[in-house]
Amino acid sequence: NLRFFYQNICSYQQFVVYCRYINLKTIKMELQDETLRKKILSLEQRLEHSVYHGNAFEQIALKKEIDIARSTLLNIK
């Protein structure tokens with residue numbers, strides 16, 4: 001399919017750009033779960049800090065955000 005695309009539609013430079021774009025998309029999809037894990041860890045640290053220094057509404061909001069992030073992580077796997 002890519003050979004057909006290259007021969008019939010675009011120049012070599014456009015073909016190279018297209019292939020790099022596909023590779024970057026693949027890499028981002030592979031790293032999405034790692035990014036989500038880091039986000040969850042950051043949210044948990046913020047929640048722990050808010051337990052001692054924040055208010056109850058902030059704690060509830062952070063807890064909901066952590067639950068959503070964990071659910072998303074489970075759905076990715």
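Source: prediction; values computed, not measured.
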Exercise for the section: Using the side chain to side chain donor-acceptor pair (under 3.5 Å) rule, collect all pairs that involve residues 53-72, keeping only residues at least two apart or in two chains. Expected result: Glu44-Arg70
Completion exercise
Rounding to 0.5 Å, atoms CD1 (Ile66) and CZ (Arg46) come to a distance of 9.0 Å
Fill in the blank from the handout: Per side chain to side chain contact (heavy atoms under 4.5 Å, CB included), Lys39 is matched among Leu41, Thr35, Leu43 by Leu43
Handout entry: Atom pair OG/CG of Ser42 and Leu47 - distance to nearest 0.5 Å
Key = 11.0 Å
Practice task
Enter the distance from Ile40:CD1 to Ile68:CD1 here, rounded to the nearest 0.5 Å.
Solution key: 11.5 Å
Practice task
First locate atom CD of Gln45, then atom CG of Leu62, and finally report the distance between them rounded to the nearest 0.5 Å.
Solution key: 12.0 Å
Practice task
Return the minimal non-hydrogen interatomic distance between Leu36 and Ala69, and the atom names on each side.
Solution key: CD2-O, 3.7 Å
